[in-house]
Amino acid sequence: MLKAVKITKSFGENMVLNNFTREFAEGKVTAVLGRSGCGKSTLLNVLMGLVKPDSGEVIFDGERISAVFQEERLCENLTVSANIRLVTGKRFTKEHIAAELAEVGLAECADKAVRTLSGGMKRRTALVRALLAEYDALFLDEPFKGLDETTKRTVMAYCHRKSAGKTVVLVTHDKDECAALADEVIELEAED
Amino acid sequence: MSSRAKAALKKILITSVSMLFWLIVWQIAAVKLNSKILLVSPVDVVKQLYVLVATGDFWQSVGFSAARILFGFALGLTCGCLLAFAAGKLRFVRTLISPLISVMKSIPVASFTILALIWIGSKDLSVLVSFMICVPIVYSNMLEGIDALDPKLREMSEVFGIPVWRRFVGVYLSQLLPYFRSASRLAIGLCWKSGAAAEVIGIPDGSIGEKLFEAKVYLETADLFAWTLTVILLSWLCEKAFTALMALLQRRVERM
């Protein structure tokens, strides 16, 4: 179970979340939709335990989480497959990782250092890393940011396939992404 | 031939031509001066080095100095890293160490060597001097690297629950290795320079410094140049070997 109970969070004078309560459906994709600055990423960070709420609590009965953060948070000096192995350990063979990368159009990138990749390539690497990790809940913060339409469709299909049956919280401002991936949608509005 | 190979070949060619140019200038200057005390020719230096290399005494001196200078370097690397880690973690350690590192950076090698000579005698002087040269370089570089560590990667490691050893290698070592690499590359050359200089001042028996000192006393300029060339070659070899080792380590870390 993943549940946010009466979460309130302010940054100085700016109240971002006010008494937010919601249970996230187990084994389903819940999209958190809203405009920039409405508190989507803050909510995700609170759920992941990266930001402490001013009040309220998060109830999570799982153990492991996985995420695509707002930034890629990849180790720039490691290769793409090393970044994935950093999280997965030796659960996957080199060939398996290469095959997964090929599914998102990174077939040639497995042995390239992350610092040499474009923004879109780094985003896809971060997504593959998150999807290959062992997790009970997956948190995705704008995971398709910076991808062109064709690549985005391919990557969304991959994400949908790999996360099937898992508890996923997807933060986005894109209604098309919601329509394609989400089982449930929460619309957040900026607090006044 | 690939463009990279062509560029490498061009670089080698340019370096060789410029080296040859200066060797010719040196040869001409030596012939014109015609004094084996003031300046010996490069040919004479190579001849003298050839004579020296054939003696057991040469290798004993090389072994004596290399062992001590490299030991000082290794100790300096270890202490520099440990101090940088401590200073990166604890603010009071950083404050405490800061003036000591400033003094180590600015104190003239000759002054310190004389003081060290009084403290520990001449035999292991080059160990201490190499160590003193190495520590501030490694400390400053590593601390810069530690300060530049991305805190968001630490957060990422915690979210994914990455085990400690994997986290150390993948997250921290991968970020710190470039700093360690440039520090050690700079330090190893300076350790050789200062270690040899310290031996000239302390004159430990059977060291390269002793041979340099004797060359000065007996005005054996060919010997002086041959031993100097030996120090340059040893320093260059050590730097190349260490750089290759670092590159290998970096490749291993990159691929995990």
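Residue numbers start from 1 in every chain, and the chains themselves are labelled A, B, ... in the order their sequence lines are given, proteins ahead of strands. Please read these numbers as outputs of a predicted model, since none were measured by experiment.
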*Asks:* Counting only heavy atoms not in R91(B), do more than 12 fall under 6.0 Å of its CZ?
*Replies:* no
*Asks:* Is it the case that more than 12 heavy atoms not belonging to F58(B) sit under 6.0 Å from its CZ atom?
*Replies:* yes
*Asks:* Does a sphere of radius 6.0 Å around NE2 in H160(A) hold more than 12 heavy atoms from other residues, nucleotides or ligands, not counting ones at 6.0 Å or beyond?
*Replies:* no
*Asks:* Counting only heavy atoms not in R252(B), do more than 12 fall under 6.0 Å of its CZ?
*Replies:* no
*Asks:* Who wins among M48(A), E134(A), E71(A) for the most heavy-atom pairs under 4.5 Å with chain B?
*Replies:* E71(A)
*Asks:* Which residue out of S81(A), A113(A), G89(A) racks up the most heavy-atom pairs below 4.5 Å with chain B?
*Replies:* G89(A)
*Asks:* Under a 4.5 Å cutoff for heavy-atom pairs, which residue among S66(A), A130(A), A133(A) has the most contacts with chain B?
*Replies:* S66(A)
*Asks:* What do you reckon, is NZ of K193(B) surrounded by more than 12 foreign heavy atoms closer than 6.0 Å?
*Replies:* no
*Asks:* Which heavy atom of P178(B) sits nearest to which heavy atom of N77(A), and what is that distance?
*Replies:* CG-ND2, 3.9 Å
*Asks:* Take atom CZ of R35(A) as the centre, draw a 6.0 Å sphere, and report whether it contains more than 12 heavy atoms from other residues, nucleotides or ligands.
*Replies:* no
*Asks:* Checking an interface table here. Which of residues 151-172 of chain B come within a heavy-atom distance under 4.5 Å of chain A?
*Replies:* K152(B), L153(B), E155(B), M156(B), V159(B), F160(B), I162(B), R166(B), G170(B), V171(B)
*Asks:* What part of R64(A) lies closer than 4.5 angstrom to a heavy atom of chain B: side chain, backbone, both or neither?
*Replies:* neither
